Amino acid sequence: MRRMEYSRHESKSERLDRNWSELLQELRVTQTGSQILTGFLLTIAFQPRFSDLDAYQVTLYMSLVFVAIGTTAVGLAPVSLHRRLFRSGEKDRVVEWADRLVKATLVGVAIVLAGTLSLVVDIVLGRTAGIIAAIACVAVVVILWFALPGHRGQRGE
């Protein structure tokens with residue numbers, strides 16, 4: 001069904017302000033989540049059982065650490081971008097790039113979520129269960145983050 005069109009009757013500047021404000025709210029959630037996951041991952045190496053990990057688990061762990069650190073950096077980038085371009089009259093550029101960076105952060109968070117679940121399940125239940133858990137996590141993320149928002153229902157919502 002056709003999506004309903006509506007207008008907020010706002011100027012370009014008002015729209016950019018609203019978009020930036022909405023992006024900030026999203027960033028608060030994604031930054032906190034990625035930082036908590038990163039912190040959790042960084043503590044694992046200092047646990048006594050870390051030396052018991054096999055080569056696959058260590059490789060997965062190190063990959064997750066790098067992705068988590070990168071995701072945290074990308075998630076913080078919109079703040080730096082805003083600081084650099086504050087009062088420069090380039091809010092449209094700030095909003096456009098922040099939108100891209102938030103999307104990249106979400107991809108990184110999804111990878112770290114699935115990978116962390118895989119690592120924990122691999123350690124506790126075994127390799128096959130860890131891989132299945134990662135696949136299930138990716139499926140849930142795809143459904144909740146992409147398919148559900150893309151589905152507009154029968155009333156065009």
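Worth saying up front: this structure is predicted, and the values here are computed from it rather than measured.
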Looking at [atom1] of [X] and [atom2] of [Y], how far apart are the two atoms once the value is rounded to the nearest 0.5 Å?
X      : Y      : atom1 : atom2 : result
Leu117 : Ile135 : CG    : CD1   : 11.5 Å
Gln57  : Asp52  : CD    : CG    : 9.0 Å
Leu64  : Phe40  : CG    : CZ    : 10.0 Å
Leu16  : Glu96  : CG    : CD    : 10.5 Å
Thr59  : Leu53  : OG1   : CG    : 10.0 Å
Lys103 : Thr30  : NZ    : OG1   : 13.5 Å

message = The test is side-chain contact (heavy atoms from CB on, under 4.5 Å); show your working for Asp92 and Lys12 and say whether it passes.
response = CA-CA 9 Å; Asp92 53 342; Lys12 180 180 178 182; 3.9 Å; yes
query = With Thr128, which of Leu125, Ile132, Ile131 fulfils side chain to side chain contact (heavy atoms under 4.5 Å, CB included)?
reply =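 When side chain to side chain contact (heavy atoms under 4.5 Å, CB included) is applied between Thr128 and each of Leu125, Ile132, Ile131, only Ile132 qualifies.
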Show the nearest heavy-atom pair for residues [X] and [Y], with the distance to one decimal.
X      : Y      : value
Val141 : Ala110 : CG1-CB, 3.8 Å
Ala134 : Ala114 : CB-O, 3.7 Å
Ala68  : Leu41  : CB-CD1, 3.8 Å

Could you state whether [X] and [Y] fall into the same hydrophobic cluster, counting links through intermediate Ile, Leu, Val, Met, Phe, Trp or Tyr residues with side-chain heavy atoms under 4.5 angstrom apart?
X      : Y      : result
Ile69  : Leu60  : yes
Ile143 : Leu113 : no
Leu42  : Ile44  : yes
Phe46  : Ile36  : no
Val79  : Trp97  : no

Could you tell me whether the side chain of [Y] reaches within less than 4.5 Å of the side chain of [X], counting heavy atoms only?
X     : Y      : value
Gln31 : Thr72  : no
Glu26 : Leu106 : no
Arg18 : Arg15  : yes
Tyr56 : Asp122 : yes

key: Any donor-acceptor pair under 3.5 Å from Thr105 side chain to Leu101 backbone   =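 Answer holds: yes.
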task = Would you sort out whether Thr71 and Ser34 count as a side-chain hydrogen bond (donor to acceptor under 3.5 Å, both in side chains), showing the intermediate values?
result = CA-CA 7 Å; Thr71 298; Ser34 66; over 6 Å; no
task = Decide if atom CZ of Phe66 counts as having more than 12 heavy atoms of other residues, nucleotides or ligands within a radius under 6.0 Å.
result =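 It does not: Phe66 CZ has 12 such atoms or fewer within range.
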message = side-chain contact (heavy atoms from CB on, under 4.5 Å) for Trp145 and Val109? Distances and angles first, verdict last.
response = CA-CA 12 Å; Trp145 294 5; Val109 169; 4.0 Å; yes
